[in-house]
Chemist: 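This is the structure I want to talk about, given as structure tokens.
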Amino acid sequence: MADHSQQPLELETHDASWGKILLIAPVHNHVFDMLEPLTVLSDRLVAVRTSTQLMEELEGASVLPICILLPWHEDNPPELDELTQAIKRFRKGAGVEVPLLVITNGNAPVPLELKPSGTVSDAIPPDVLLPRIAGLRRLANRAEEARLRRGLFGPLPEYKTEFGPLKSAGLLVAGFGKHFGRTQALLDLPIEIVGGSSSEMTEDYLAARQFEAVLIDMPAWQACEEIERLRADPRYFNLPILAHSVDEESAHLLYSAGTTDVLLGDVSDKALTGHIISALRAGRRQRLTDAILTVSSQWLARQANDDTLSEETYRNYLTLLEESTKRRGESVYELNLLELIERFTGSNPQAFAQHQVYWSGTVLSIAMAVCRDEDFVANVEGRGPVAILRSKKGMDQLSNRVLVMVRTTGLGNG
């Protein structure tokens with residue numbers, strides 16, 4: 001299957017299937033002011049004032065929100081404590097993940113105990129924030145698919161090989177500023193910190209081993225160039241990247257260049273540590289998710305010796321998938337790929353029957369190339385090649401590729 005884990009998540013469009021975005025705001029704050037223009041364009045941004053309102057949105061609504069935004073200050077109002085406790089309880093028990101994005105102000109320490117899906121400073125522009133939410137949404141769906149598959153198929157032996165060393169996380173500090181020594185002194189954790197003083201060294205290190213996050217330790221103008229260069233490589237499009245900015249104007253440029261998180265101004269040791277640990281956690285989770293999806297996709301598509309996925313396992317998968325997608329208000333699309341070929345070749349059923357085994361292998365290969373690794377492609381007992389796609393666009397793309405194959409082989413001619 002094509003390695004679509006590195007596709008640009010941030011560029012996914014937000015369509016009509018999107019649910020609400022919950023903004024935790026027990027009191028009026030500047031983050032609400034920043035996002036308020038968006039409320040003119042959409043009724044999806046909902047300011048949550050109380051824990052009762054929050055639980056109504058999380059448990060009472062027919063469709064879950066796509067994200068929870070949590071503004072976080074050094075001195076938070078007392079009302080926020082009850083809300084954060086409600087968020088923690090819900091996210092601990094929910095079968096379907098709702099991403100939590102923490103938006104910090106100044107030197108506010110990151111609330112790591114809430115296990116946020118992502119952390120940003122409040123210097124992030126609204127036009128960058130919305131695509132970031134879209135990216136978090138897809139990453140949450142990928143993680144959920146990975147958990148589902150691991151539960152159904154067990155610990156496949158190739159997982160460890162694909163994921164790599166488990167003992168320590170890796171942080172690459174790119175540049176020649178003050179953060180390398182400072183980070184080494186602060187992070188009393190099993191983290192391997194590597195310094196790359198030039199762009200060439202940075203790219204060499206990234207090619208040599210997997211890092212959970214990168215800290216760009218350069219002036220903003222130079223950092224923007226470095227980040228754009230890294231983001232142009234599909235392998236690093238979703239790698240958590242942090243940078244530092246002396247003012248909001250530079251922070252906006254860094255966010256627009258593709259920085260995951262920008263540390264603004266004179267950041268305290270505690271704030272710096274929290275932002276780095278949050279990025280490392282996110283990067284590690286992405287790596288683990290990618291490994292499970294890559295290995296399980298290859299395992300699912302195996303076809304040697306008529307090896308197939310049992311009908312029972314397939315039905316169990318569909319049941320679990322339907323439960324999660326229904327809660328998110330999303331649709332899934334099931335394509336029996338041999339039936340699709342038959343439909344395209346209705347005028348030549350004898351030729352189809354004669355070459356059925358060949359078409360099974362060919363159409364599996366096509367599906368592997370077209371589908372993302374969070375889409376489910378398998379040779380199912382009694383059904384043949386089947387694809388479960390998470391978007392109508394993906395279904396249309398796969399159908400069109402199969403139709404092209406039928407036409408170019410002449411199978412569809414009478």
Side-chain angles (χ1 to χ4, degrees), residues 1-10 118 135 139 142-143 146 155-219 222-244 254 257-263 272-273 275-298 372-373:
M1 184 170 287
D3 184 11
H4 296 294
S5 64
Q6 305 299 341
Q7 290 298 304
L9 306 189
E10 319 291 345
L139 289 170
R142 285 172 57 79
L156 300 177
E158 296 86 355
Y159 285 152
K160 287 185 179 179
T161 304
E162 180 71 23
F163 184 71
L166 292 166
K167 291 182 180 178
S168 66
L171 173 68
L172 177 61
V173 181
F176 37 79
K178 62 183 180 181
H179 285 105
F180 180 73
R182 186 183 179 196
T183 303
Q184 277 192 315
L186 288 175
L187 295 179
D188 184 22
L189 295 166
I191 297 171
E192 183 181 358
I193 303 173
V194 177
S197 59
S198 67
S199 297
E200 291 74 19
M201 285 182 66
T202 297
E203 291 174 18
D204 286 345
Y205 280 130
L206 285 172
R209 67 148 290 177
Q210 292 181 309
F211 289 89
E212 271 71 15
V214 175
L215 173 60
I216 306 292
D217 198 9
M218 304 174 183
Q222 195 174 359
C224 284
E225 292 180 358
E226 184 71 19
I227 292 159
E228 288 172 348
R229 184 160 42 244
L230 290 175
R231 292 305 192 206
D233 188 325
R235 293 173 297 175
Y236 313 131
F237 195 94
N238 300 306
L239 177 68
I241 298 178
L242 301 93
H244 181 263
L254 287 164
T259 312
T260 309
D261 189 5
V262 177
L263 305 163
L272 175 63
T273 302
H275 281 265
I276 291 175
I277 291 175
S278 180
L280 289 168
R281 283 181 181 177
R284 192 172 186 82
R285 187 184 188 215
Q286 283 185 41
R287 278 187 54 208
L288 183 58
T289 296
D290 291 347
I292 292 174
L293 291 179
T294 297
V295 169
S296 61
S297 293
Q298 294 166 350
R372 305 180 299 187
D373 58 5

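These values consider heavy atoms only, across backbone and side chains, with no hydrogens, waters or symmetry-generated copies.
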Chemist: Applying side-chain hydrogen bond (donor to acceptor under 3.5 Å, both in side chains), can you list everything that pairs with Thr260, at least two apart in sequence or on another chain?
Modeler: Arg231

Chemist: Hey, could you give me the CG/CD1 distance between Leu230 and Ile216, rounded to the nearest 0.5 Å?
Modeler: 5.5 Å

Chemist: With Ala279, which residues qualify under side-chain contact (heavy atoms from CB on, under 4.5 Å), at least two apart?
Modeler: Ala213, Pro240, Leu242

Chemist: If I take atom CD from residue Glu212 and atom CZ from residue Arg285, how far apart are they, to the nearest 0.5 angstrom?
Modeler: 14.0 Å

Chemist: Nearest 0.5 angstrom please: Ile276 CD1 to Leu280 CG, how far?
Modeler: 7.0 Å

Chemist: Using a 4.5 Å cut-off on heavy atoms from C-beta on, say whether the side chain of Asn238 contacts that of Asp290.
Modeler: no

Chemist: Which residues pass the salt bridge (Lys or Arg N to Asp or Glu O under 4.0 Å) test with Arg281, not counting sequence neighbours?
Modeler: none

Chemist: What's the shortest heavy-atom distance between Ala232 and Pro234, and which atoms?
Modeler: O-CD, 3.5 Å

Chemist: If you look only at distance, which donor and acceptor atoms sit under 3.5 Å apart when one is on a side chain in residues 193-200 and the other is two or more places apart or in another chain?
Modeler:
| from | atom 1 | to | atom 2 | distance (Å) |
| --- | --- | --- | --- | --- |
| Ser198 | OG | Met201 | N | 3.2 |
| Ser199 | OG | Glu226 | OE1 | 2.5 |
| Ser199 | OG | Arg229 | NH2 | 2.8 |

Chemist: Should Leu254 and Ile227 count as side-chain neighbours, where that means a heavy-atom distance under 4.5 Å?
Modeler: yes

Chemist: State which residues pass ring pair (Phe, Tyr, Trp, His ring centres under 6.0 Å) with His244; sequence neighbours excluded, sorted by chain then number.
Modeler: His179

Chemist: How long is the gap from CZ on Arg284 to CD1 on Ile191, to the nearest 0.5 Å?
Modeler: 9.5 Å

Chemist: Could you report the tightest heavy-atom contact between Val262 and Thr259, atom names first, then the distance?
Modeler: CG2-CG2, 3.9 Å

Chemist: Holding to side-chain contact (heavy atoms from CB on, under 4.5 Å), I want the full list of residues that pass it with Glu225, two or more places apart in sequence or in another chain.
Modeler: Trp221

Chemist: Answer yes or no on whether Arg209 is positioned over the face of Tyr205, meaning its NZ or CZ is under 6.0 Å from the six-membered ring centre and within 45° of the axis.
Modeler: no

Chemist: To the nearest 0.5 Å, how far apart are CD in Gln210 and CG in Leu172?
Modeler: 13.5 Å

Chemist: Side chains of Leu206 and Val214: does their closest heavy-atom pair fall under 4.5 Å?
Modeler: yes

Chemist: For a quick test of reading the model, state the closest non-hydrogen atom pair linking Ala146 to Thr289 and the distance between them.
Modeler: CB-CG2, 4.1 Å

